[in-house]
Number of protein chains: 2
Amino acid sequence: MAVETVSAALTLKDIAREAGVSLATVDRVLHNRPGVRPDTVRRVQETIARNAFHPHVAAAELARGRARRFAFVMPTGANPFMQQIEAYLGEMSAWLSARRLSVELINTDVFDPSVLAASLETLSGDYDGVAVVALDHPGVRAAINDLVDAGTKVVTLVSDVPSSRRHHYVGIDNIAAGRTAGALVGRLVGEKPGKVAIIAGSQGLRDHAERIFGFNQVMASEFSRLDILPLLEGRDDDDRSEQLISRLLDKHPDIISLYNVGAGTQGVAKALTEAGREKQIVFIAHDLTAMTRRLLLQGTLDVAISQNPGHEARAAVRVLLSLARNEPILSEQENIRIDILMRDNLP
Amino acid sequence: MAVETVSAALTLKDIAREAGVSLATVDRVLHNRPGVRPDTVRRVQETIARNAFHPHVAAAELARGRARRFAFVMPTGANPFMQQIEAYLGEMSAWLSARRLSVELINTDVFDPSVLAASLETLSGDYDGVAVVALDHPGVRAAINDLVDAGTKVVTLVSDVPSSRRHHYVGIDNIAAGRTAGALVGRLVGEKPGKVAIIAGSQGLRDHAERIFGFNQVMASEFSRLDILPLLEGRDDDDRSEQLISRLLDKHPDIISLYNVGAGTQGVAKALTEAGREKQIVFIAHDLTAMTRRLLLQGTLDVAISQNPGHEARAAVRVLLSLARNEPILSEQENIRIDILMRDNLP
DNA sequence: CTCAAAATGAGTTGCGTACCTCAAAACACC
DNA sequence: GGTGTTTTGAGGTACGCAACTCATTTTGAG
């Protein structure tokens, strides 16, 4: 059975002949140019559909001749996850260059809405597409909508602004990620009752808040025997997280699980090992880095919930390119999964 | 910081001018054609490297003008995982057609080495690339090597033949998948001791054997308190698996976990629910289908370990294309992960 | 039927590369 | 110096499409 029949490759000329029109008319139909009668449009489109004709992308790209420019607006600072995304973008440079695409990184304080909005406003007109790690704020939403209105394709990355008219979101469902963490905690601690601690960067971060929401949802509905301690805020900082967790462990000898919503995993792990309780406590955190990989292999960390930064980088570029070319997006391919990583399925 | 500087796009002509040679010479160097003095070759290559020049893929593809044919040799029969791969190949038809690529499915009894080898031999010369779900057998290995020698690019899919000279393997490490299953069983059953049952399609299948090996490895080294029952062979058949498991559950009231290595998950689930023990027994199986999804949501199935069939289909095509074009392969992108799927992180 | 507007045909150019031919130049050897 | 060989240059054609111009035909309104 052949998925794709091997037929002589059709060209626009063939379509024109079969539809009984000229090349120019086919071109007008194909690019929604005016000056074609509705029934002629229909006849051409039917011929295209009947023959399952798709313009040769290589020829189209070559003829269009334009290089495309994309901008990636990323947070300043040393967030390892963001740095991984940037690194993977760098690895694509040969791929990009062979397609006459350019990607420029623009580092901004994405946590200050006015700064972020101002950054976005400056991009208007200069780029064919923009990927942005966005804060959900009215000013940012307006800036995104302005870009869209100016004809720029916009995708949100890692963190979404659903209320804007962005064309696409590349990232995970953080509520589902939190629910996954909750289910894992509940299942891994076994039958015994006890206390569960949660530490996040800040409740003000949308992704952290959503994860906490999902986590609490599952704990309340399915593992009510477990006692959830009040949320700690470690500000994604190793030292601060370590101190907070150390104190907490001293105070509660009956903690059986720990969920770190954001960064600062190294600090939490240090507190755990210094208390000598890394084997008894089920520890779940986010993201795969050299450090979390080590902690998983050691057994200090039980599960890392992660999203694949390389996949996100490539998906964002591909989606922007498809949008710019008015091609359909392979949604199944660009969908980012919530990865559950344990010691034995590390990539 | 710009990942990719926005420079005027270079062309072959620019390279020729900068290296002080003609277009023809650059072309000879680029395609390893003879008749160029070694130091001229070096000079041109240095110019290319210095400018990080990559030939425009669209122009190259158009100029080359050849349509490329790929063949996918897949098992006959109703294996749902293979059918999903075939379905995803079908979904790519527009993408393929726009690139003048064709993919043909060839269904063969891949479990009969001589039939598979004969099938592969018939392909020689007709295709630019072949993806094959291969049995690891000397005859098959020889057939693969013959294809490679004839200049055809070969990737093994889902199941590898490491001893052959195939160019690439697209699939997971099944030993690691088995280890992952073992670790999950050990962690999810909690502290209590009890019996663990394993059912596979057949020990003769390489992927099943590897999963069992990995599973036993982890059980022996880390969860020796658990008692592993002798392996059952369900032949990937629902009815047979149901009967075997029903009988087993009757005989052993102290079974606390069940690992299904292959297909037949529906039969196993039926036996579990009819015995009324689906909530007490930790049940782990492979692959995500409509049925395993339903079982996960119901709570009958605790974890599905899977490989993403859409990703495998696309990765196989992309790898074949890169090989045919003599382009580098983005290994991180084409690497297939072992997915741990639970109720809350279903895609 | 007339005339302007709309629709269509016919044609051109250029995108960057692959692949080819043929002539000219450089070189090696004696 | 002449010979033959290797290396290089110059140029052309083709690939399929986008984007454009301009002439011609068709259409519909009056």
Side-chain angles (χ1 to χ4, degrees), chain A residues 7-45 47-48 51-68 96-101 128 324-327, chain B residues 7-45 47-48 51-68 96-101 128 324-327:
Chain A
S7 44
L10 292 179
T11 71
L12 278 183
K13 199 159 35 165
D14 301 315
I15 299 298
R17 185 160 18 83
E18 184 166 336
V21 297
S22 73
L23 260 177
T25 300
V26 178
D27 184 67
R28 289 181 184 112
V29 172
L30 216 52
H31 299 92
N32 302 313
R33 288 190 244 276
V36 184
R37 239 175 316 166
D39 59 319
T40 309
V41 171
R42 197 160 4 90
R43 200 166 77 243
V44 173
Q45 282 174 339
T47 309
I48 290 176
N51 296 67
F53 169 77
H54 300 272
H56 194 323
V57 285
E61 205 54 19
L62 188 58
R64 186 175 296 109
R66 264 183 43 233
R68 300 188 191 276
L96 292 166
S97 156
R99 287 159 184 76
R100 298 303 181 264
L101 304 175
D128 300 288
R325 286 179 178 167
N326 290 317
E327 279 177 0
Chain B
S7 45
L10 293 178
T11 69
L12 278 182
K13 203 165 20 174
D14 301 314
I15 299 297
R17 186 161 15 83
E18 184 166 336
V21 298
S22 72
L23 257 177
T25 301
V26 178
D27 182 70
R28 289 179 184 113
V29 171
L30 217 53
H31 299 92
N32 303 312
R33 288 191 246 274
V36 185
R37 243 175 312 165
D39 58 319
T40 309
V41 172
R42 197 161 1 91
R43 202 166 74 243
V44 173
Q45 282 174 340
T47 310
I48 290 176
N51 297 70
F53 169 78
H54 300 273
H56 194 323
V57 285
E61 211 45 25
L62 185 59
R64 187 174 294 109
R66 260 181 50 230
R68 299 187 191 276
L96 292 166
S97 157
R99 286 158 184 77
R100 299 301 182 266
L101 303 175
D128 300 287
R325 286 180 178 168
N326 289 318
E327 280 178 358

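Lettering of chains follows the sequences in order, A, B, ..., and the numbering in each one begins at 1. Model, not experiment: these values are computed from the prediction.
Shown for residues 54-64 of chain A: residues whose heavy atoms fall under 4.0 angstrom of DNA chain D, namely A/Pro55, A/His56, A/Ala59, A/Ala60, A/Ala63. Contacts between residues 26-35 of chain B and DNA chain D, defined by a heavy-atom separation below 4.0 Å, involve B/Arg28, B/Gly35, listed by number.
For the OP1/OP2 pair of D/dT7 and a distance below 4.0 Å, the side-chain nitrogens and oxygens of B/Thr40 include no atom meeting the criterion. Under 4.0 angstrom from either OP1 or OP2 of D/dC17 there lies at least one side-chain N or O belonging to B/Arg100. Within the 4.0 Å cut-off from OP1 or OP2 of D/dG9, at least one side-chain nitrogen or oxygen of B/Thr25 is found.
Checking B/Ser22 against A/Phe53, the closest nucleotide of DNA chain D that is more toward the 5' end is the one next to B/Ser22.
The NZ atom of A/Lys13 sits 8 Å away from the P atom of D/dC15 (whole-angstrom rounding). Atom-to-atom, CZ of B/Arg66 to P of D/dG16 comes out at 14 Å; the value is rounded to the nearest Å. At whole-Å resolution of the value, CG in B/Leu12 and C1' in C/dC15 are 13 Å apart. Atom CG in A/Asp39 sits roughly 17 Å away from atom P in C/dA6 (whole-Å rounding). Distance A/Leu23 CG to C/dG14 P: 18 Å, rounded to the nearest Å. In this structure, the CD1 atom of A/Ile15 is 13 Å from the C1' atom of D/dG16, given to the nearest Å. Per the geometry, CZ belonging to A/Arg325 stands 14 Å off C1' belonging to D/dA18, to the nearest Å.
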What does nucleotides 23-30 of chain D look like as a protein-contact string, B for base, S for sugar-phosphate only, - for none, at under 4.0 angstrom between heavy atoms? ----S---
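Heavy atoms only, all atoms of each residue included: B/Asp128 and B/Arg66 are closest at OD1-NH2, 2.7 Å. Contact record, A/Ala52 with B/Ser97: O-OG, 3.9 Å, taken as the closest heavy-atom pair. Minimum interatomic distance between B/Gln45 and B/Val29 (heavy atoms only, all atoms of both residues): CG-CG1, 3.8 Å.
Within the structure, the salt bridge (Lys or Arg N to Asp or Glu O under 4.0 Å) test picks out the following pairs touching residues 31-42 of chain B (sequence neighbours left out): B/Asp27-B/Arg33.
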After noting the C-alpha distance and the side-chain angles of B/Val26 and B/Thr47, does the key distance pass the side chain to side chain contact (heavy atoms under 4.5 Å, CB included) rule? CA-CA 10 Å; B/Val26 178; B/Thr47 310; over 6 Å; no
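One distance of note links CZ of A/Arg28 with OG1 of A/Thr40; it measures 11.0 Å at 0.5 Å rounding.
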Mind listing the side-chain donor-acceptor pairs of residues 53-64 of chain A below 3.5 Å, one per line with the distance, residues two or more places apart or on another chain?
{"from": "A/His56", "atom 1": "ND1", "to": "A/Ala58", "atom 2": "N", "distance (Å)": "3.1"}
{"from": "A/Glu61", "atom 1": "OE1", "to": "A/Arg64", "atom 2": "NH1", "distance (Å)": "3.2"}
{"from": "A/Glu61", "atom 1": "OE1", "to": "A/Arg325", "atom 2": "NE", "distance (Å)": "3.3"}

Extract all donor-acceptor atom pairs below 3.5 Å that involve side chains of residues 11-24 of chain B and protein atoms in other chains or at least two apart in sequence.
{"from": "B/Thr11", "atom 1": "OG1", "to": "B/Lys13", "atom 2": "N", "distance (Å)": "3.3"}
{"from": "B/Thr11", "atom 1": "OG1", "to": "B/Asp14", "atom 2": "OD2", "distance (Å)": "3.3"}
{"from": "B/Asp14", "atom 1": "OD1", "to": "B/Arg17", "atom 2": "NH2", "distance (Å)": "2.8"}
{"from": "B/Asp14", "atom 1": "OD2", "to": "B/Thr11", "atom 2": "N", "distance (Å)": "2.8"}
{"from": "B/Glu18", "atom 1": "OE1", "to": "B/Asn51", "atom 2": "ND2", "distance (Å)": "3.4"}
{"from": "B/Glu18", "atom 1": "OE2", "to": "B/Arg50", "atom 2": "NH1", "distance (Å)": "2.6"}
{"from": "B/Ser22", "atom 1": "OG", "to": "B/Ala24", "atom 2": "N", "distance (Å)": "3.4"}
{"from": "B/Ser22", "atom 1": "OG", "to": "B/Thr25", "atom 2": "N", "distance (Å)": "3.4"}
{"from": "B/Ser22", "atom 1": "OG", "to": "B/Thr25", "atom 2": "OG1", "distance (Å)": "3.4"}

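Searching all strands for a Watson-Crick or G-U wobble partner of D/dG30 with both distances below 3.5 Å returns C/dC1.
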